[in-house]
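Working notes, beginning with the structure itself.
The figures here come from the full heavy-atom set of this structure, side chains too, leaving out hydrogens, waters and symmetry mates. Counting begins at 1 with the first residue of the sequence. Predicted model only: the values in this text are computed from it and were never measured.
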Amino acid sequence: MTRLLLFIKHRLPLLWHGIDWLNALLFRLLHGDRMHGKSAQCLQEFNLDGFRFRSLTHDDLDALFDLLHRQREGRLDYFKPHGFDRQSLARAWRNPAFLMFGAFSDELLVGYFFLRCFWNRKCFVGRLIDEPYEQKGIGRVMNQILYNTAWRSEFRCLTTISKNNALVMRSHANNPTVRVLEELPNDYLFVEFVQPKPKGQV
């Protein structure tokens with residue numbers, strides 16, 4: 001199914017837009033309130049001194065546009081959850097199945113992370129940290145918010161990773177929640193982040 005959806009997304013954009021619209025409707029009806037409630041809990045629970053993590057508002061879209069467009073060449077080669085023009089960002093923000101979050105240093109948006117949700121209780125995660133703010137613990141908190149929002153909503157937490165993306169491969173090398181489900185074309189891995197069992201449970 002994943003291969004088929006990726007093929008449709010990249011090769012049949014009109015069909016993909018129809019699927020996306022139907023998914024957004026079903027997600028909002030079946031899961032929207034619960035998922036948004038769990039994300040609000042996780043944003044309160046997981047934090048980092050010197051930074052704020054919150055849902056993005058429509059007023060944040062200019063800041064998101066600036067964050068994306070100040071990245072040096074090559075930084076976004078493997079990060080393509082949507083278009084980066086203002087119209088595409090607004091369309092993603094309006095989609096109830098696309099939960100957009102930001103990491104802020106004072107009032108500056110320094111990180112962007114999201115949950116791309118599907119009505120069948122699966123969601124895909126992604127994140128981007130502004131280069132000067134890497135290695136400060138922001139990614140760890142992003143992961144905690146994303147994974148726990150998915151798990152507490154009883155969703156599978158998924159992503160695709162390019163084996164050529166050395167930075168991301170390195171960052172997940174010691175991630176105890178990672179489980180590779182399938183190798184995809186063009187050197188991509190289909191990955192699930194699995195909730196650890198409570199201590200003492202086998």
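The backbone N or O of L89 lies less than 3.5 Å from no partner atom in the side chain of H82, so there is not a single donor-acceptor pair. Side-chain atoms of D85 come within 3.5 Å of backbone atoms of Q87 as a donor-acceptor pair (strictly under, hydrogens ignored). The backbone N or O of F84 lies less than 3.5 Å from no partner atom in the side chain of S88, so there is not a single donor-acceptor pair. The main-chain N or O of L61 is never found under 3.5 Å from a side-chain atom of R86 such that the two would form a donor-acceptor pair. Side-chain atoms of N23 come within 3.5 Å of backbone N or O of C117 as a donor-acceptor pair. Distance alone, capped at 3.5 Å, places no donor-acceptor pair between the D106 side chain and the L108 backbone.
Considering all non-hydrogen atoms of both residues, F98 and A92 come closest at CB-O, 3.6 Å. Of all non-hydrogen atoms in H36 and P96, the two that sit nearest each other are NE2-O, 3.7 Å. The two residues I129 and Q71 have their closest heavy-atom pair at O-OE1, 4.4 Å. Across all non-hydrogen atoms, the minimal contact from M142 to A103 is CE-CB, 4.1 Å. Annotation for F104 and R54: closest pair CZ-NH2, 3.3 Å, computed over non-hydrogen atoms. Between S153 and M35, the closest heavy-atom pair is OG-SD, 3.4 Å.
At a threshold of 4.5 Å between side-chain heavy atoms, the hydrophobic network of Ile, Leu, Val, Met, Phe, Trp and Tyr places W119 and L99 in two separate groups. If you chain together hydrophobic residues whose side chains sit under 4.5 Å apart, V110 and F114 never meet in one group. L181 and V178 fall into different hydrophobic clusters, where Ile, Leu, Val, Met, Phe, Trp and Tyr side chains are chained together by heavy-atom contacts under 4.5 Å. Hydrophobic clustering, with ILVMFWY side chains joined whenever heavy atoms are under 4.5 angstrom apart, groups V125 together with I161. Residues Y147 and V180 are members of one and the same hydrophobic cluster, defined by side-chain heavy-atom contacts under 4.5 angstrom among Ile, Leu, Val, Met, Phe, Trp and Tyr.
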Solution key, residues 188-196 side-chain donor-acceptor pairs under 3.5 Å, sequence neighbours excluded:
residue : atom : partner : partner atom : Å
E192    : OE1  : R156    : NE           : 3.4
E192    : OE1  : R156    : NH2          : 2.7
E192    : OE1  : R179    : NH2          : 2.9
E192    : OE2  : R156    : NE           : 3.2

List the atom pairs, donor and acceptor, that lie under 3.5 Å between side-chain atoms in residues 40-49 and the rest of the protein, sequence neighbours left out.
residue : atom : partner : partner atom : Å
E45     : OE1  : R152    : NH1          : 2.8
E45     : OE1  : R152    : NH2          : 3.1
E45     : OE2  : R152    : NH2          : 3.2

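Ring centers of F53 and F101: at least 6.0 Å apart, outside the cut-off.
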Determine, stepwise, if the pair R121 / L30 fulfils side-chain contact (heavy atoms from CB on, under 4.5 Å).
CA-CA 10 Å; R121 292 189 176 275; L30 297 173; over 6 Å; no
L68/F79 under side-chain contact (heavy atoms from CB on, under 4.5 Å): CA gap, chis, key distance, verdict:
CA-CA 10 Å; L68 294 167; F79 185 80; 4.2 Å; yes
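Separation of atoms CZ (F51) and CD1 (I138) is listed at 4.0 Å; rounding is to 0.5 Å. Note that CZ of F118 and CG of L158 are 9.5 Å apart. Values are rounded to the nearest 0.5 Å. One distance of note links CG of L26 with CH2 of W21; it measures 8.5 Å at 0.5 Å rounding. In this structure, the separation between CG on D33 and NZ on K38 is 12.5 Å, given to the nearest 0.5 Å. Of the inter-residue distances, the one linking I145 atom CD1 with R140 atom CZ reads 10.0 Å to the nearest 0.5 angstrom. Atom CG in L67 sits 11.5 Å away from atom CZ in F65 (nearest 0.5 Å).
Using a 4.5 Å heavy-atom cutoff, the side chains of L56 and Y112 are in contact. Counting heavy atoms from C-beta on, the side chains of L109 and D60 never come closer than 4.5 Å. The shortest distance between side-chain heavy atoms of H31 and E154 does not fall below 4.5 Å. Counting heavy atoms from C-beta outward, N164 and D77 have side chains that stay 4.5 Å or more apart.
Annotation for W151: atom CH2 counts as buried by contact number, over 12 foreign heavy atoms lying within 6.0 Å.
At a threshold of 4.0 Å, the pair R75-E134 counts as salt-bridged, since one of the basic side-chain nitrogens sits closer than that to a carboxylate oxygen.
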